[in-house]
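Just below is one structure, and these are the notes that go with it.
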Amino acid sequence: MPLRCFASSVPADGRPSNQRSAGASRCTALALLAALCVSTGHSQVSSAAARQQRLRDFLAQRQTADGAKPALAREDAQTQHASLLGRNAVRAHNEATTPLTAPWQPLGPSSVQTQLYGSVTGRVTAIALDPNDASGNTVYVGTTGGGVWKSTTVAGPLSGVSFTPLTDTLSVFSINAGSSTIPSLSIGAVAVQPAPNPAVLAGTGDPNDATDSLYGEGILRSTDGGQTWTIATYSQDQIGANTTFHSFAGLSTAALAWSTTSTNLVVAAMAASPQAAIVDAEGTSSVPGLYYSTDSGVTWRMATIYDGSQVVQTPQPLGTGQIGNSATSVVWNATRHLFFAAVRSHGYYSSPDGQTWTRLTVQPGTGLSTANCPVGSNGLGSSNCPLFRGTLAAQPVTGDLYALTIDANDNDQGLWQDLCNAASGSCSNPSPTWSARIDNGALEVGSGSTAILQGSYNLSLAAAPLPSGGTLLLAGTVDVYRCALSASSSSCSLRNTTNAINGCDAPAAVAPAQHAIVASLASASELVLIGNDGGLWRSTDGINQTGPACSASDVQHFDNLNAAIGAGGSLAEIVSFAQDPTEPGTLIAGLGANGSAATSAAATLAP
């Protein structure tokens, strides 16, 4: 929802040091006290540096005398605790162990009513429609504060849309079940296998660049529609005669992509987590980059990435000093039968099998040259490379590709298109040529600034076929932009469809900071789902606005789905709360960038 004002800074190794924070949540409360901090798009480096230094000074007080990392010490403690429980070695008050049977009662907040956006819930970071559901009704939603949710009615009448939380209580996170894995309800990516009885994968760790984007512990997997889950917490990499395990703990999952040619093949784009960097949650075995699985996500291996003859990434024994490079996006192009990925401080790469990747000869933007993006020691990227975050979209019918890139200061590197022009099932060029930049600066702050407002935090892209044979292209920054391209055309006039904080007073009533956009290819309507800091919205007409910009009719092209989510539980990220000392039923909760919510009837909120 409301945006915080943070500056973006990246050290020489290209990894994040401190980024923006923007939260989201919801409430069945009586009052919402919204405190907005709208970024102007101008750098506030000194204040951001001061905030980070205060945070580091505070955390330094929690370190041991030998400088051990507290986040890793917590993991060690959980492992030891699980082991003791397994041996019945833990006793409470010198008595036999007993379960904590007293039930906790949820107080919310569930969906909160706001003046500009209607109901809001919490930050939605990932959306995946089930490609096996021809009705377009089945969707999985990943959130920062509430795990994975599911609906089987999302394309139906608004009154019938409902959602169910899937990951609130998982045995893979239960210490009583013998798990030593730190629980994580922070989801960065969700993907559904394009096959009957599909596996559903949910990558933990929010990749959006903010200090409250919580790091993850691995990749969750379900084969029964989300009823039960397992988790993969590391890759298993054969190096000579030895197997090396690279941990996913402390990383975030930027994207997951399935092959439609070999449906057991899936690729994960793993990114460094700003929060993990601050609290030292990454171990030496946690390496961001590209990983692949050939058994539908049961086991994972680190990929090998080449820039010409130079190695950007390859499995190495622990202790070699390998740091890795964040992979910020990955997609499957069904026409080219290739994966495509964006790798921070390096460029864009492709692979036929997820295992071996090569740098694209032509990059989407002249700044992504090998001179600007050289391969450093042990594969490290260059801070001069103008790719801090890149996002990709592949049109599944035409094979056209789209790439949107920002540098470390959120400066726009362009929205680029590669036309496949397929004939006899193959594209006219064996590799993308990125011949057209189609954004014309429409996504930028303007007034002399080429920055995309909070681009390192909110950047999403989707491309879907139109009934006419063209492409519906949607770009998410603070707002949602739309253009309809004719078949084999590069003519694109991007329209701001939401105008959340630019002075128009949000006529579409859609919250800002767009993290996830998908469009249905199967339903009879042109279904679009949008996830942002305020929650989840949909359009059933492809956001086909025809009036002037900032029209009062803009809201008619969106449905707010947050009341439906709120009926199933809470996504709220509670940063603090207080109780009235004389009225115990009166609570006020801090909801991060969504302000505050209060109730005077806390005792009656529980079921």
Side-chain angles (χ1 to χ4, degrees), residues 75 78 82 122-130 138-151 163-175 177-195 197-208 213-236 245-258 264-271 273 276 281 286 288 291-301 327 330 515-516 531 568-569 571:
E75 291 190 8
Q78 178 124 342
R123 190 191 309 170
V124 170
T125 51
I127 307 170
L129 287 161
D130 185 345
T138 303
V139 67
Y140 295 84
V141 176
T143 71
T144 287
V148 181
W149 294 60
K150 180 181 180 180
S151 174
F163 286 85
T164 302
L166 302 179
T167 56
D168 284 356
T169 55
L170 296 182
S171 60
V172 296
F173 293 141
S174 172
I175 195 167
S179 173
S180 60
T181 303
I182 301 294
S184 176
L185 289 179
S186 178
I187 305 298
V190 182
V192 183
Q193 185 181 23
N197 303 312
V200 179
L201 301 181
T204 62
D206 181 349
N208 298 296
S213 294
L214 306 179
Y215 62 84
E217 291 290 327
I219 299 174
L220 292 163
R221 181 178 187 267
S222 175
T223 57
D224 55 12
Q227 296 181 55
T228 60
W229 298 81
T230 57
I231 188 168
T233 58
Y234 50 79
S235 67
Q236 304 174 45
F245 300 93
H246 288 98
S247 174
F248 294 143
L251 301 179
S252 56
T253 312
L256 295 160
W258 292 90
N264 289 329
L265 175 61
V266 60
V267 173
M270 306 302 291
S273 165
S286 300
Y291 293 80
Y292 71 99
S293 170
T294 57
D295 55 11
S296 306
V298 177
T299 60
W300 293 85
R301 293 176 176 83
V330 64
H515 302 297
L571 301 186

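Numbering of residues begins at 1 and proceeds along the displayed sequence. A quick note: this is a predicted structure, and the numbers were derived from the prediction, not measured. Atoms considered below: every heavy atom in the structure, side chains included; atoms not considered: hydrogens, waters and symmetry mates.
- For the atom pair S286 OG and F248 CZ, the distance stands at 9.5 Å (nearest 0.5 Å).
- Considering all non-hydrogen atoms of both residues, A232 and G297 come closest at CB-O, 4.5 Å.
- Residues A126 and A189 approach most closely at CB-CA, 3.6 Å, considering heavy atoms.
- In plain terms, the two heavy atoms of G188 and P207 that are nearest each other are CA-CD, 3.5 Å.
- Under the 4.5 Å side-chain criterion, counting only non-hydrogen atoms from C-beta, Y140 is in contact with L166.
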For this session: List the steps, then state whether side-chain contact (heavy atoms from CB on, under 4.5 Å) holds for T204 with Y215.
Result: CA-CA 7 Å; T204 62; Y215 62 84; over 6 Å; no
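- Without hydrogens or angle criteria, S247 side chain to A249 main chain gives a donor-acceptor distance under 3.5 Å.
- The shortest heavy-atom contact between S184 and G216 is OG-CA, 4.1 Å.
- In terms of modelled atom types and a separation under 3.5 Å, the side chain of S252 and the main chain of A271 share a donor-acceptor contact.
- When all heavy atoms are compared, the tightest approach of A128 to V192 is CB-CG2, 4.2 Å.
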Problem set entry | Steps toward side-chain contact (heavy atoms from CB on, under 4.5 Å) verdict (V148, I187) | CA-CA 7 Å; V148 181; I187 305 298; 3.9 Å; yes
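- A donor-acceptor contact under 3.5 angstrom links the side chains of R123 and S213, judged on distance only.
- In this structure, the separation between CG on L214 and CD1 on I182 is 13.0 Å, given to the nearest 0.5 Å.
- Nearest heavy-atom pair across S293 and V298 is OG-N, 3.9 Å.
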For this session: With side-chain contact (heavy atoms from CB on, under 4.5 Å) as the test, would you mind laying out the steps for L256 and L201 before giving the verdict?
Result: CA-CA 8 Å; L256 295 160; L201 301 181; 3.9 Å; yes
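- Shown are N208, V141, V190; of these, the side chain to side chain contact (heavy atoms under 4.5 Å, CB included) with T125 is made only by N208.
- Here the straight-line distance linking atom CG of L220 with atom OG1 of T228 works out to 11.0 Å at 0.5 Å rounding.
- Counted within 6.0 Å of CG on D224, heavy atoms from surrounding residues, nucleotides or ligands total more than 12; the atom is thus considered enclosed.
- Proximity of W149 to T164: side-chain heavy atoms (C-beta onward) are nowhere separated by under 4.5 Å.
- Paired with K150 under the rule side chain to side chain contact (heavy atoms under 4.5 Å, CB included), one option of V139, T138, D130 passes, and it is T138.
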For this session: Please test I231 against W229 for side-chain contact (heavy atoms from CB on, under 4.5 Å), starting from the C-alpha separation and ending with a verdict.
Result: CA-CA 7 Å; I231 188 168; W229 298 81; over 6 Å; no
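- Separation of atoms NE2 (H515) and OG1 (T144) is listed at 6.5 Å; rounding is to 0.5 Å.
- No donor-acceptor pair under 3.5 Å is formed between the side chain of S235 and the backbone N or O of W300.
- In this structure the side chain of Y291 never reaches within 4.5 angstrom of the side chain of V267, judged on heavy atoms.
- Remark: the backbone N or O of V124 is not paired with any side-chain donor or acceptor of T143 at under 3.5 angstrom.
- A donor-acceptor contact closer than 3.5 angstrom links the side chains of Q193 and S296.
- Annotation: the span from L170 atom CG to T181 atom OG1 amounts to 11.0 Å, rounded to 0.5 Å.
- With hydrogens and angles disregarded, a donor-acceptor distance shorter than 3.5 Å links the side chain of S186 to the backbone of D206.
- Put simply, CZ on R301 and OH on Y292 are 5.5 Å apart, with the number rounded to the nearest 0.5 Å.
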